[in-house]
Every structure is written in structure tokens, then in C-alpha cells.
Amino acid sequence: MAQEKLNIGIILGSTRQGRVSPQVGEWVKGIADKRGDANYEIVDISEYKLPFLGEGSGEEPGLQAWNQKLASVDGFVFIVQEYNHSITGALKNALDSARDVWYNKAAGIVSYGSTGGARAAEHLRGICGELKIADVRTHPTLSLFTDFENFSEFKPAELHLQNVNTMLDEVVSWSGALKTLR
Ligand SMILES: Cc1cc2nc3c(=O)[nH]c(=O)nc-3n(C[C@H](O)[C@H](O)[C@H](O)COP(=O)(O)O)c2cc1C
């Protein structure tokens, strides 16, 4: 019997006006879609208008939609940008705004910043542990200096392609394995 394809959400971690994360997310999705091994979709935190945790009624449609979206996917690719050596407040709030729908799923990280967003990505790995998200090892790191023109136009170096595919190999295989636990 043919196995159903897994659903993988590519989560854009930034929400500010003028952000570059949609360019990076679309690039990852373009590579991913060519593989045909899973259903990949962009998940844009900004569309959910999430309240800061605890400040709303808890009944906001966006909050419910956010939880439903996370529940519908089997794994994640986080598009992570470095803000003050960590992840964005928007991504942290989005992580905090759900609980068990994160559990027992795999995630890859694609990060960017002046040092490839490495410090933000390492912070995210710590959070993943608490949310029972299995973050894979392979981690494409993009440089604001060499993979972007004027820090705004995304022009990724060719060498990242192999890394993105290896990361996706790991996300898909671990997502499949972890599905058996849910
Ligand atoms: C509030 C803020 C803090 C930042 N701090 C860092 C930093 O600590 N390290 C770094 O490499 N880049 C830092 N940057 C640069 C961002 O990584 C860069 O602007 C990137 O494009 C942000 O992603 P976005 O365009 O998707 O929002 C910072 C940017 C902002 C807006």
C-alpha cells in the first residue's frame, strides 16, 4: 500500500516589515518541491496575528488556527534570522503559543545573519528539546554578507543546495519515524 506523503511546514520566523524571510522560505520550498518526497508549505507566523502569550483571551481565531496548522504537519523547517544573538520575539511567542502539537515531530533549521544566524539557531535547539521537537543535525547557514545583496536581495551561493537537501533528507526520515509515536 502506498504511504501517504508527510506534510512539512516551512515556518518563517520573522514578521517585520521589509523582512527577507519570505525569499529564504520560498527558496527552500523550491528545492523541497523538486524532491517530491513530502508536501511542503510555507507557514507564515505573521498571518496568524498571534497575541502575546497570556495577553489575549485565549480564544483568538488566529491562535486556534495556529494550533490547527501545527497539528496538520508532521515536521518543520524553521527559517531563522538572528536578532540580538537569538531568535525573534515573534518566533519565541509562536513557539510558546502551542504545546503538544509540537511534540514528537522533527525539524530542520535554515538560518541567516552576520555569522550565519548560528547563535539564534543554537538557542532554538534548546527550545526544541523542551517542546519534544527532534532537531536534525544538518543546518544550512546563510551569510548576510555573501548570500544577500545589500542585505536585502537573497542570492544564495550554490554550495548551500547540497546542505538543504541533506537537511531535508533528515527531516523527512525523522518525521516519518516520529509519526509512529503519535
Ligand atoms: C532587532 C534586530 C537585531 C539584530 N541582531 C542581529 C544579531 O545579533 N546578529 C546578526 O547577525 N544579525 C542581527 N540582525 C540583523 C538581521 O539578522 C537581519 O536584519 C536579517 O535580515 C533579519 O531577518 P528578517 O529580514 O527576516 O527580519 C538584527 C536585526 C534586527 C532587526
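Since the structure is predicted, the reported quantities are computational estimates derived from the model, not experimental observations. Each ligand, and each atom within it, is numbered from 1 in the order the structure gives.
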Write down, by chain and number, every protein residue that brings a non-hydrogen atom to less than 4.0 Å from an atom of ligand 1.
S14, R16, R19, V20, S21, Q81, E82, Y83, N84, H85, Y112, G113, S114, R119, L144
Apart from L181 itself, what residues make up its hydrophobic cluster when side-chain heavy atoms of I, L, V, M, F, W and Y under 4.5 Å apart count as a link, directly or indirectly?
L178
Using side chain to side chain contact (heavy atoms under 4.5 Å, CB included) as the criterion, list what pairs up with E60, not counting sequence neighbours.
P51, S57, L63
Sequence neighbours left out, what passes side chain to side chain contact (heavy atoms under 4.5 Å, CB included) with H123? Give chain and number order.
S86
When you check the gap from the basic side-chain N to the acidic O, do R125 and E122 get nearer than 4.0 Å?
yes
Side-chain donor-acceptor pair present, S46, D44, cut-off under 3.5 Å:
yes
Residues, nucleotides or ligands: over 12 heavy atoms within 6.0 Å of Q162 CD:
no
